Amino acid sequence: MRYIWFFLLVGWALVACAVQPAAAPSTPTDAPLPTAVITQAAPTASLQRISYAPSTADVPNPERGFYQGVELGVELSENDLSWYPDQTGNRLLYFYLRLDDFRRRDLTPEYLTTLSDAFALARRAGVKTIVRFSYNDGETYPAPAPDATPQQVVRHIEQLAPVLAANKDGIAWFEAGFIGAWGEWHTSANGLDSPENKALVRDALFAHFPNDRFILFRYPGDLTRWYPQPLSAAQAFTPTDQARAGHHNDCFLASDDDWGTYYDNNDDTFKIEEWKTYLAQMTQFVPMSGETCNPNPPRSDCATALAELERLHWTALNEEYHPAILQSWRQQGCYDEIRQRLGYRLSLLEANFPAQIRPGESLPVQIRLSNTGFASPLLLRPVYLVLAGAEDTLPLALDVDPRRWQPGEHTLEISPALPADLPPGTYQLALWLPDPAATLQADPRYAIRFANEGIWDDEHGWNVLGEVKSISDP
């Protein structure tokens, strides 16, 4: 794995309906119409039915997929990340942030400024980051390499909090980090991997890191001890610690128990199936991420990889490690499927809506969509129905939560109210799922793109459903 190094740092959201008063995106001039079939026999006399063609392309989308790390070099002013999404096709970037120089002291203002600059680079490149802090790179593994004391770790977490809060728009999630070799929560020279100190670091992370971002922990054993019952649908996406706790497996497929991932140190037993069942439940609602660490056929081959990626709802995976496993997936023919299905992959199947609308009335829309990914979108994200005319653009906010669009089919029935002063004319009707952050909402790179032919408006980040005509006559 190539990590992100700073020289200075030693090596780093079914019904409803209100018109959003927020600034709307500019009006398209010649945005494409969907590749679709309009059925003459509509489901009701007043609605037209449109079917959409699925796409087999690799569709880039935020907060999902393969990721890599990059080396930024000595001077950040001499580096940019604009090449990254173009060269890799990835919208996730791994920030592995080294704290070696601060094992025994507070972070400096210069460090925190450099960290802010790095997030700015990622934001300008149109990517989101996975963030982990570490005090060593396992140089002496399996012997412990130096890390920090529990008190110093908590102090660093407190110092980092303002910078991370200010840059959370560019953060997909955190890996817990800080403890032991590679920040993987084992092999600590300062006893950070004891149950008591793990709990101390966990609580500090939840208390100080942005409370609308997930924190992924390395070991299911820790998660099952802290939360004996796996996260339920009713608990999901609430402001509780458990609802924010995800999992990263950094030795995926590497052995029968993924080199200790499913080994219970408390009673010296393997709990492979028990813990996978636990993870399969919780990862419906929190991210599952990580990497492979060595070839282990047949377990590391396509058949097992696809089955476990689907069962455990993988959202993201390191594309750089292990190279031999990634190459075996290419040779066996599953790499492209994995690339497409990591996280969510949303496709429009069918939409029913009127061909003509009238100001002041409701706009009934029925949408059937499919998610063929391994997981659902997991960060809060708004959903808008957009009416885009020659001179007016009207985004209608919908009471819809895409975080509940788990793999399978979903039907939306919405009926937002149209303003009484809607001008007459022809409008494009589109679905818009932008980033919730004000800093990113107008950036189409951060909007969710559906995997269909001919519906994506690249300029605005809309998924075009078709056309409607506003008329004033009775």
Side-chain angles (χ1 to χ4, degrees), residues 1-12 67-74 93-108 110-112 114-115 118 129-161 163-164 173-202 204-205 208-209 215-219 221-222 247-252 254 258-261 265 289-294 318 320-322:
M1 173 188 280
R2 290 177 299 128
Y3 293 116
I4 297 160
W5 296 79
F6 291 146
F7 180 81
L8 176 64
L9 311 183
V10 191
W12 343 13
Y67 61 82
Q68 297 181 16
V70 296
E71 297 178 0
L72 291 180
V74 176
L93 180 64
Y94 195 83
F95 274 14
Y96 179 69
L97 308 174
R98 298 290 295 278
L99 300 175
D100 303 39
D101 272 358
F102 304 98
R103 294 169 182 154
R104 297 293 177 267
R105 63 189 178 107
D106 284 359
L107 305 177
T108 62
E110 292 78 10
Y111 176 99
L112 298 173
T114 304
L115 182 56
T129 58
I130 301 170
V131 179
R132 184 201 297 187
F133 296 92
S134 173
Y135 295 104
N136 66 67
D137 202 36
E139 295 86 353
T140 60
Y141 183 81
D147 51 12
T149 64
Q151 296 75 19
Q152 189 67 73
V153 173
V154 172
R155 172 59 180 160
H156 286 161
I157 291 171
E158 293 170 347
Q159 286 188 280
L160 289 164
V163 175
L164 300 177
W173 59 79
F174 299 94
E175 293 180 352
F178 292 99
I179 294 177
W182 305 285
E184 286 192 19
W185 283 49
H186 62 76
T187 323
S188 169
N190 281 278
L192 292 170
D193 52 349
S194 71
E196 296 79 11
N197 286 328
K198 283 185 174 183
L200 179 72
V201 175
R202 173 205 66 199
L205 291 168
H208 297 288
F209 279 18
I215 300 172
L216 277 55
F217 296 88
R218 175 66 183 90
Y219 289 105
D222 292 326
H247 173 49
H248 67 97
N249 180 351
D250 285 0
C251 265
F252 180 47
D258 293 356
W259 293 126
T261 298
N265 292 297
S289 182
E291 64 187 28
T292 59
C293 69
N294 60 260
N318 183 5
E320 295 183 297
Y321 211 78
H322 192 281

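Keep in mind that what you see is a predicted model, and the values were worked out from it rather than measured. Position 1 is the first residue of the sequence; numbering continues from there.
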A.B. asks: Looking at CG of L160 and NE2 of H208, how far apart are the two atoms once the value is rounded to the nearest 0.5 Å?
C.D. replies: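 Interatomic distance, L160 CG to H208 NE2, rounded to 0.5 Å: 11.0 Å.
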
A.B. asks: Would you call Q159 and R155 a side-chain contact if the rule is heavy atoms closer than 4.5 Å?
C.D. replies: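 In short, these two side chains touch, coming nearer than 4.5 Å.
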
A.B. asks: Below 30° counts as parallel, above 60° as perpendicular, anything between as tilted: where do the rings of F217 and W185 land?
C.D. replies: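 Plane angle over 60°, so perpendicular.
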
A.B. asks: Just so I know, are the side chains of T149 and R103 near enough to count as touching, which here means a heavy-atom distance under 4.5 Å?
C.D. replies: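 No, their side chains stay 4.5 Å or more apart.
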
A.B. asks: Testing the basics here: between A189 and P146, what is the closest heavy-atom pair and its distance to 0.1 Å?
C.D. replies: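 Smallest interatomic distance, heavy atoms only, reads CB-CA, 4.2 Å.
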
A.B. asks: Which value, rounded to the nearest 0.5 Å, describes the distance between L107 atom CG and L99 atom CG?
C.D. replies: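 Answer for the CG-CG pair, L107 versus L99, is 6.0 Å.
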
A.B. asks: Checking S134 side chain against N136 main chain: does a donor-acceptor pair fall under 3.5 Å?
C.D. replies: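 At least one qualifying donor-acceptor pair exists.
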
A.B. asks: Rounded to the nearest 0.5 Å, what separation is found between the SG atom of C293 and the CG atom of N249?
C.D. replies: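 So the gap between those two atoms works out to 8.0 Å.
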
A.B. asks: Between Y321 and D250, is there a side-chain heavy-atom distance shorter than 4.5 Å?
C.D. replies: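 Heavy-atom side-chain distance check fails, nothing below 4.5 Å.
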
A.B. asks: Could you walk me through whether W259 and N294 pass the side-chain contact (heavy atoms from CB on, under 4.5 Å) test, one step at a time?
C.D. replies: CA-CA 10 Å; W259 293 126; N294 60 260; 2.7 Å; yes

A.B. asks: Going by side-chain contact (heavy atoms from CB on, under 4.5 Å), H248 matches just one of L216, T261, N318. Which one?
C.D. replies: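 Filter result, single survivor: L216.
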
A.B. asks: Under 6.0 Å between ring centres: does that hold for Y135 and H156?
C.D. replies: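 Close enough - the centres of the two rings lie under 6.0 Å apart.
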
A.B. asks: Would you say I157 and V201 make side-chain contact, with heavy atoms under 4.5 Å?
C.D. replies: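 Yes, side chains in contact.
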
A.B. asks: Below 4.5 Å, heavy atoms only, C-beta onward: do Q152 and D106 meet side chain to side chain?
C.D. replies: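 Of all side-chain heavy-atom pairs linking D106 with Q152, at least one is under 4.5 Å.
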
A.B. asks: Has the side chain of E184 got a donor or acceptor atom that lies under 3.5 Å from a matching backbone atom of R218?
C.D. replies: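 Absent.
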
A.B. asks: W173 and side-chain contact (heavy atoms from CB on, under 4.5 Å): which partner among V131, T129, I130, I215?
C.D. replies: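 Exactly one option meets the side-chain contact (heavy atoms from CB on, under 4.5 Å) with W173, and it is I130.
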
A.B. asks: Quick check: closest heavy atoms across A148 and L192, and the distance to 0.1 Å?
C.D. replies: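 Distance-wise, the nearest heavy atoms are O-CD1, 3.2 Å.
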
A.B. asks: What pair of heavy atoms forms the shortest contact from G138 to A181, and how long is it?
C.D. replies: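 So the minimum-distance heavy-atom pair works out to CA-CB, 3.9 Å.
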
A.B. asks: Does any part of the side chain of L115, heavy atoms only, come nearer than 4.5 Å to the side chain of F133, both counted from C-beta?
C.D. replies: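 In short, these two side chains touch, coming nearer than 4.5 Å.
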
A.B. asks: So H186 and P142, do their side chains get closer than 4.5 Å, heavy atoms only?
C.D. replies: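 In short, these two side chains do not touch, never coming nearer than 4.5 Å.
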
A.B. asks: Tell me whether D147 contacts the main-chain N or O of N190 through its side chain, where contact means a donor paired with an acceptor under 3.5 Å.
C.D. replies: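 Side chain of D147 to backbone of N190, a donor-acceptor pair under 3.5 Å: yes, one is there.
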
A.B. asks: If you look at every heavy atom in G191 and S188, which pair is closest and at what distance?
C.D. replies: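 Closest approach of G191 to S188: N-OG, 3.3 Å.
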
A.B. asks: Testing W182, F178, F174 for side-chain contact (heavy atoms from CB on, under 4.5 Å) with R132, which one passes?
C.D. replies: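 The single option meeting the side-chain contact (heavy atoms from CB on, under 4.5 Å) with R132 is W182.
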
A.B. asks: Can you check whether G180's main-chain N or O pairs, donor with acceptor, with T187's side chain at less than 3.5 Å?
C.D. replies: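 No.
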
A.B. asks: Does any non-hydrogen side-chain atom of L200 lie less than 4.5 Å from one of V154?
C.D. replies: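 Sidechains of L200 and V154: in contact.
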
A.B. asks: As an exercise, state the distance from CZ of R202 to CD1 of I179, rounded to the nearest 0.5 Å.
C.D. replies: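 Atom-to-atom, R202:CZ and I179:CD1 are 10.5 Å apart.
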
